[in-house]
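Each chain gets a letter, A, B and so on, in the order its sequence line appears, and its residues count up from 1.
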Amino acid sequence: MKPLLALLRIGLGATFLYAAATKLPDMSAFAENLANYRLVPPTLVPGAAAAVIGIELTLGLLLVTGRLARGAALVATGLLAVFTLGLSQALLRGIDLRCGCFGGNESATWLTVLRDAGMLAVALALLLRGPGRLLPARPAPASEPRRDASAATHG
Amino acid sequence: MLAEAALIVAAGALLGLAGNAASPRPAALARPVHSAAESGTGMCAVAGAAPAARAPRIAVEEAKGLCDACRAGFADARGASEFAAGHVTNAVHLPPAGHPDEAVAVAALRAYPLVVVYDGDYTCALADEVAHRLKREGLPDVRVLEGAWPAWVAAGGAGTSGYCPACHDPAEAHR
């Protein structure tokens, strides 16, 4: 189970890194996409757009490296829940908009919601079950005091 | 864990603001961003709402020729920071939200038989909104630049670092 969780964590982190990297060259376009969701007051949209991209970048780095992984999983859960609800409410209100998920002009559809929900499930699993680890922990030598096996991944 | 999460959100937000400052196309933090549906333009319009009329288009190559011959006025519908970073030589700044010197800018555009409006977006064209406004002001021929500012730059059109031969319009003062 732990290697699977670690792979999911790294995959989720890489997805966040990719999402941030596609938005960084044109943050103005992402602000416009965010405005189209009509969830944030227009005056707060540019700051919120910049913050979302920065948080995605931070989450990506932390999830890939396994540092502060539980906290990162909590933030990722919150962020993905907002994304999923935001997309769903826009589609239910009949707003035709671009997703803004990975830059470009991808239209938001229920498949996009499903993808976000899948990522949300991964984030929840990491939050509840821990960040996992790719390799089994090495047993501590008998002469040394026992260390917490999860310390290496928790940082 | 909550403290970790708060730290991550704060650090991420700061990183995002730093990234915005370094981005080639940053979000203008001081400028409110309205949804395209509220301005009634582009594919972002609310489903079921009357679609905004699409202003006539003009190809970049044709617009370049008119600029070089000084036979067209240019209006930039992007935000102030984007306009300041670079615009078509002698273009006036006319964002959809309006401009303090709009009357002077429109008067400058009246000197031309044709006005080209552009923005920075390929699809949800703020330029359409400005083009319709200029038509309502009575300008005879108003077109929207196909491909917007990125296409103009890619085609080597005259910008702030370029030169538009024979153009000496006072509209340049509207930065």
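Using a 4.5 Å cut-off between heavy atoms, A:Leu62 contacts chain B through its side chain alone, with no backbone atom that close. Looking at A:Leu74, the atoms closer than 4.5 Å to chain B (heavy atoms on both sides) all sit in the side chain, from C-beta outward. Both the backbone and the side chain of A:Ala72 come within contact range of chain B, judged by heavy atoms closer than 4.5 Å.
Interface with chain B: from residues 111-128 of chain A, residues A:Leu127 qualify, criterion being any non-hydrogen pair under 4.5 Å.
Here A:Leu68 contributes atom CG and A:Thr58 contributes atom OG1; the two are 10.5 Å apart, rounded to the nearest 0.5 Å. Atom CG in B:Leu109 sits 6.0 Å away from atom CG in B:Leu94 (nearest 0.5 Å).
Under a 3.5 Å cut-off, the side chain of A:Lys2 and the backbone N or O of A:Gly130 do not form any donor-acceptor pair. Between the side chain of B:Arg133 and the backbone N or O of B:Pro96, at least one donor-acceptor pair lies under 3.5 Å. Using a distance-only test at 3.5 Å, with no hydrogens or angles considered, a donor-acceptor pair links the side chain of A:Arg9 to the main chain of A:Leu63.
Aromatic rings of B:Phe74 and B:Trp152 (six-membered ring for Trp) have centroids within the 6.0 Å cut-off, being under it.
Ranked by non-hydrogen atom pairs under 4.5 Å with chain B, the options A:Ala48, A:Gly54, A:Ala51 are led by A:Gly54. Highest contact tally toward chain A, considering only B:Ala22, B:Ala28, B:Gly16, B:Pro26, is held by B:Gly16 [criterion: heavy-atom pairs under 4.5 Å]. Note on A:Asp26, A:Val45, A:Ile53: by heavy-atom pairs under 4.5 Å with chain B, the leading option is A:Asp26. Across A:Gly71, A:Gly47, A:Ala73, A:Ala31, the residue that shares the most heavy-atom pairs under 4.5 angstrom with chain B is A:Gly71. For chain A, the option among B:Ala11, B:Ser23, B:Ala13 with the highest count of heavy-atom pairs below 4.5 Å is B:Ser23.
B:Arg57 and B:Asp128 are joined by a salt bridge, as a carboxylate oxygen and a charged side-chain nitrogen come within less than 4.0 angstrom of each other. With respect to the salt-bridge test (charged N to carboxylate O, under 4.0 angstrom), the residues B:Glu4 and A:Arg67 do not qualify.
Between A:Leu24 and A:Phe30 the shortest side-chain heavy-atom distance does not fall below 4.5 Å.
In this structure, A:Val75 is not a member of the same hydrophobic cluster as A:Val82, with clusters built from ILVMFWY side-chain heavy atoms closer than 4.5 Å.
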